[in-house]
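See structure below.
Being a predicted model, the structure only gives us computed values, none of them experimental. Naming: A, B, ... by sequence-line order, numbering from 1 per chain.
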Protein chains: 2
Amino acid sequence: MVAERAGTSIAAVSLVVNGKQAGRISDENAERVRAAVRELGYVVDSTASALARGTSDVVVLLAPDLPNPFFGRVINAVQETLGPRFQLLLFASPTGEQPTVADVQRLAALRPAGLLVSAPTVEFLDDAPPGVPLVLLDAPGLQDRAPTVNYDLASGVRALIAHLAERGHTTIGYLDGSTPAATYELRRTLLQAEAERRGMTLLTTPPVRSRPDIAEAMAATEAALPGWRAAGATAVIAASDTLAHGVLAACARAGLRVPEDIAVAGFDDLPASSVTAPALTSVALPGDLLGSVAARLLLSLIEGGEAPETHELPAELVVRASTG
Amino acid sequence: MVAERAGTSIAAVSLVVNGKQAGRISDENAERVRAAVRELGYVVDSTASALARGTSDVVVLLAPDLPNPFFGRVINAVQETLGPRFQLLLFASPTGEQPTVADVQRLAALRPAGLLVSAPTVEFLDDAPPGVPLVLLDAPGLQDRAPTVNYDLASGVRALIAHLAERGHTTIGYLDGSTPAATYELRRTLLQAEAERRGMTLLTTPPVRSRPDIAEAMAATEAALPGWRAAGATAVIAASDTLAHGVLAACARAGLRVPEDIAVAGFDDLPASSVTAPALTSVALPGDLLGSVAARLLLSLIEGGEAPETHELPAELVVRASTG
DNA sequence: CTGAAAGCGCTTACAG
DNA sequence: CTGAAAGCGCTTACAG
């Protein structure tokens with residue numbers, strides 16, 4: 001360790017570099033260490049540090065659909081609230097799939113300081129490395145397993161169904177996500193209950209599903225559209241905006257006018273949803289809030305704070321042209 | 001190390017686990033080690049392994065705009081061709097910004113097996129950790145610094161300008177990316193040269209720029225639109241589809257019909273571009289090819305193969321309604 | 001073919 | 001306040 005070239009023991013350097021000199025190193029020596037560090041451009045070897053300490057300064061965000069524009073703001077917010085102390089690394093499993101046990105083991109071997117997991121499955125939680133601070137994002141019904149940040153989907157759903165009812169719709173097709181995440185389960189359940197409460201029908205059998213991919217969603221919709229229309233559907237709700245984009249594409253190809261022939265709505269309020277043809281009505285899920293709150297929970301967990309409570313974020317309806 | 005509980009020395013376990021027993025461990029002992037590993041569910045501690053070996057099995061993909069849907073296919077392809085031997089981790093700098101020197105140092109301290117860097121700046125390459133296998137993606141003009149996978153932008157640009165010329169356009173507004181990546185520089189230069197060659201005008205002064213964010217692109221376009229129209233522009237090209245989505249939004253708000261009043265085109269051919277209002281003409285940059293070729297180059301670099309050559313991928317024009 | 005040992009670059013009790 | 005030393009869990013020459 002070259003840094004000690006400037007006078008002190010190697011332990012002293014470690015203490016100063018980690019800001020633990022308080023009352024253990026003289027100000028004079030501390031200053032000499034800092035000078036040496038500066039001159040030599042020394043930076044702690046995080047691998048060795050992680051080995052000695054048992055934990056690294058890496059925080060991993062796992063999401064099944066990371067390239068979804070939804071995560072842009074989540075990532076930025078997480079980075080910002082984590083600050084420079086931690087390094088955020090992202091782990092993406094192939095779109096719509098869950099990380100394998102092997103993936104999880106390899107992540108654990110990285111000794112992350114913390115894990116942020118979006119839309120996890122129960123299976124994933126069973127495999128999760130024990131002892132690693134863990135915060136779940138968008139994982140309704142799983143808050144007994146770990147601190148969780150959820151959206152208040154119920155109120156968003158209520159607003160969406162009320163809006164469609166007001167527009168005179170009574171039968172609604174539903175394009176579900178094929179990912180086995182709890183949040184999709186909940187969206188469907190809530191929509192169904194709310195529709196029922198108002199004497200409306202949400203068409204969920206046979207189930208129509210797609211991974212978060214516009215082309216796949218379009219194909220699924222094209223196949224389902226005749227059935228939905230035959231059942232009297234005048235509107236389609238998709239479990240996410242990406243899926244809804246596929247619905248729009250399918251309607252266009254089928255020669256259906258939106259919203260005149262059929263209304264369309266989604267969840268997320270992606271940036272692109274304001275420029276689709278037509279602009280998309282959506283239940284907005286604010287990603288920046290999700291990221292900042294989750295990161296704050298994780299920080300308090302890492303600092304040994306008591307298990308923080310679960311948080312619920314607003315989910316507001318944004319009405320645009322696709323529902324008239 | 002509990003695994004040696006099953007008979008052999010700890011060195012033997014290491015050799016077997018790493019598949020280096022060839023002619024060094026008896027088949028009998030090797031088998032006993034494997035059995036023990038299985039029973040105990042042992043998995044190598046990658047931190048310690050990385051420290052001892054000087055390198056980890058982590059490959060890092062750096063991209064300034066990771067949540068851009070463009071990267072979905074890139075990531076999938078990279079993961080697939082890297083195989084199970086390596087763990088792909090993603091590093092995102094805030095949208096449109098470049099990683100800082102501190103970021104780079106912390107990545108280097110991770111001792112990655114390799115680095116994949118998308119749309120890097122020259123400054124980044126100056127800071128890049130020496131000795132780490134490095135492959136550049138979409139980095140025209142930088143192939144003397146490291147093996148690079150580029151798109152054949154020239155032919156895409158030629159097709160786009162030819163298409164607009166054929167439609168009778170002679171003056172074209174240009175919305176540039178504000179990221180200081182070489183690829184944006186090249187797109188502008190090529191467009192300008194090609195327009196000039198055909199006696200057309202690409203409006204680049206004053207420069208109009210935006211980060212890859214629909215709202216920001218819309219604002220930039222709204223500010224520029226009067227000037228462009230006054231100069232006689234009947235078309236707008238954006239440096240990426242995300243920017244083009246902002247242009248579409250701005251045109252809609254200004255009451256301009258696309259393509260009747262003004263034609264619009266972009267680069268990337270994002271999935272959402274087929275469902276915008278109207279569907280967007282775009283120079284398609286196939287992300288899956290980019291990812292698989294780059295990963296293959298990196299693998300050969302890691303395996304100590306000689307510096308692979310630079311590759312060029314096709315960039316074909318996809319014509320849709322936004323240009324008539 | 002096999003094992004004891006040094007070393008990777010840190011951190012952290014533990015004596016002074 | 002300071003330093004010598006053990007230890008984190010592996011890998012890899014090096015003797016047998």
Side-chain angles (χ1 to χ4, degrees), chain A residues 1-34 36-37 40-58 85 87 105-113 129 131-132 302 304, chain B residues 1-34 36-37 40-58 85 87 105-113 129 131-132:
Chain A
M1 192 168 169
V2 260
E4 59 169 312
R5 276 286 186 136
T8 68
S9 79
I10 147 174
V13 173
S14 175
L15 290 172
V16 171
V17 165
N18 290 297
K20 294 184 180 169
Q21 2 77 14
R24 312 175 92 281
I25 307 288
S26 64
D27 287 357
E28 191 189 325
N29 274 352
E31 192 41 58
R32 295 175 58 185
V33 167
R34 285 195 209 94
V37 165
L40 279 63
Y42 170 75
V43 43
V44 183
D45 181 310
S46 66
T47 304
S49 172
L51 180 58
R53 202 160 33 180
T55 174
S56 72
D57 56 3
V58 166
R85 194 173 128 214
Q87 171 97 32
Q105 282 181 333
R106 304 181 78 183
L107 285 180
L110 235 48
R111 304 178 178 233
V132 178
I302 290 174
Chain B
M1 190 164 167
V2 260
E4 58 170 312
R5 276 283 186 141
T8 68
S9 79
I10 146 175
V13 173
S14 175
L15 290 172
V16 172
V17 164
N18 290 296
K20 294 184 181 170
Q21 3 77 11
R24 310 175 95 278
I25 307 287
S26 64
D27 286 357
E28 190 190 326
N29 274 352
E31 192 40 58
R32 293 175 59 184
V33 167
R34 285 194 208 95
V37 164
L40 280 62
Y42 170 75
V43 44
V44 183
D45 181 310
S46 65
T47 305
S49 171
L51 180 58
R53 203 159 32 179
T55 174
S56 71
D57 57 2
V58 166
R85 196 174 126 212
Q87 171 97 32
Q105 282 180 332
R106 303 182 77 183
L107 285 180
L110 234 49
R111 304 176 177 234
V132 179

Which nucleotide sits closest to the side chain of B/T8: C/dG3, C/dC1, D/dT11? C/dG3

Rounded to whole Å, CZ of B/R111 lies from P of C/dC8 at a distance of 10 Å

From CD1 of B/I10 over to C1' of D/dT11, roughly how many Å is that when rounded to an integer? 9 Å

Over how many whole Å does the gap from A/D45 atom CG to C/dC8 atom C1' extend? 9 Å

For B/L15 and A/N18, find the nucleotide of DNA chain C closest to each by heavy atoms; which residue's nucleotide sits nearer the 5' end? B/L15

When rounded to the nearest 0.5 angstrom, what distance separates CG in A/D27 from CZ in A/R32? 13.5 Å

Sub-3.5 Å donor-acceptor pair from the side chain of A/S56 to the main-chain atoms of A/R111, do we have one? yes

Name the stems with DNA chain D in them: runs of three or more consecutive Watson-Crick or G-U pairs, distances under 3.5 Å? C:1-3 with D:14-16, C:5-12 with D:5-12, C:14-16 with D:1-3

Spacing of B/T8 atom OG1 and B/E28 atom CD [to the nearest 0.5 Å]: 11.5 Å

Note: B/L51 and A/A48 closest approach over all heavy atoms is CD1-CB, 3.8 Å

Between A/A11 and B/N29, just flag the one whose closest nucleotide in DNA chain C comes earlier from the 5' side. B/N29

Pairs touching residues 8-19 of chain A that satisfy salt bridge (Lys or Arg N to Asp or Glu O under 4.0 Å), sequence neighbours left out: none

May I have the distance from B/K20 (atom NZ) to D/dT11 (atom C1'), rounded to whole angstrom? 7 Å

What is the distance, to the nearest angstrom, from the CG atom on B/L40 to the P atom on D/dG9? 15 Å

What integer distance in Å separates B/D27:CG from C/dT2:P? 10 Å

Do the side-chain N or O atoms of B/S9 get closer than 4.0 angstrom to the phosphate oxygens (OP1, OP2) of C/dT2? no

Mind checking side chain to side chain contact (heavy atoms under 4.5 Å, CB included) for B/S46 and listing every partner two or more places apart, or none if nothing turns up? A/A109, A/L110

Selection: residues 48-58 of chain A, any non-hydrogen atom under 4.0 Å of DNA chain D: A/L51, A/A52

Can you find a side chain N or O atom of B/T47 that sits less than 4.0 Å from OP1 or OP2 on D/dC10? no

For A/R106, enumerate each residue passing the salt bridge (charged side-chain N to carboxylate O under 4.0 Å, His left out) test, keeping only those at least two apart in sequence or located in another chain. B/D57

Give the rounded distance in Å between these two atoms: CD1 of B/I25 and C1' of D/dT11. 13 Å

Taken in chain and number order and not counting sequence neighbours, the residues that satisfy side chain to side chain contact (heavy atoms under 4.5 Å, CB included) with A/L15 are A/K20, A/R24, A/I25

Base, sugar-phosphate or nothing for B/A12? Non-hydrogen atoms, less than 4.0 Å. nothing

Would you say C/dT11 has OP1 or OP2 under 4.0 Å from some side-chain N or O of A/S14? yes

Between A/V33 and A/V13, the two heavy atoms sitting closest are CG1-CA, 4.1 Å

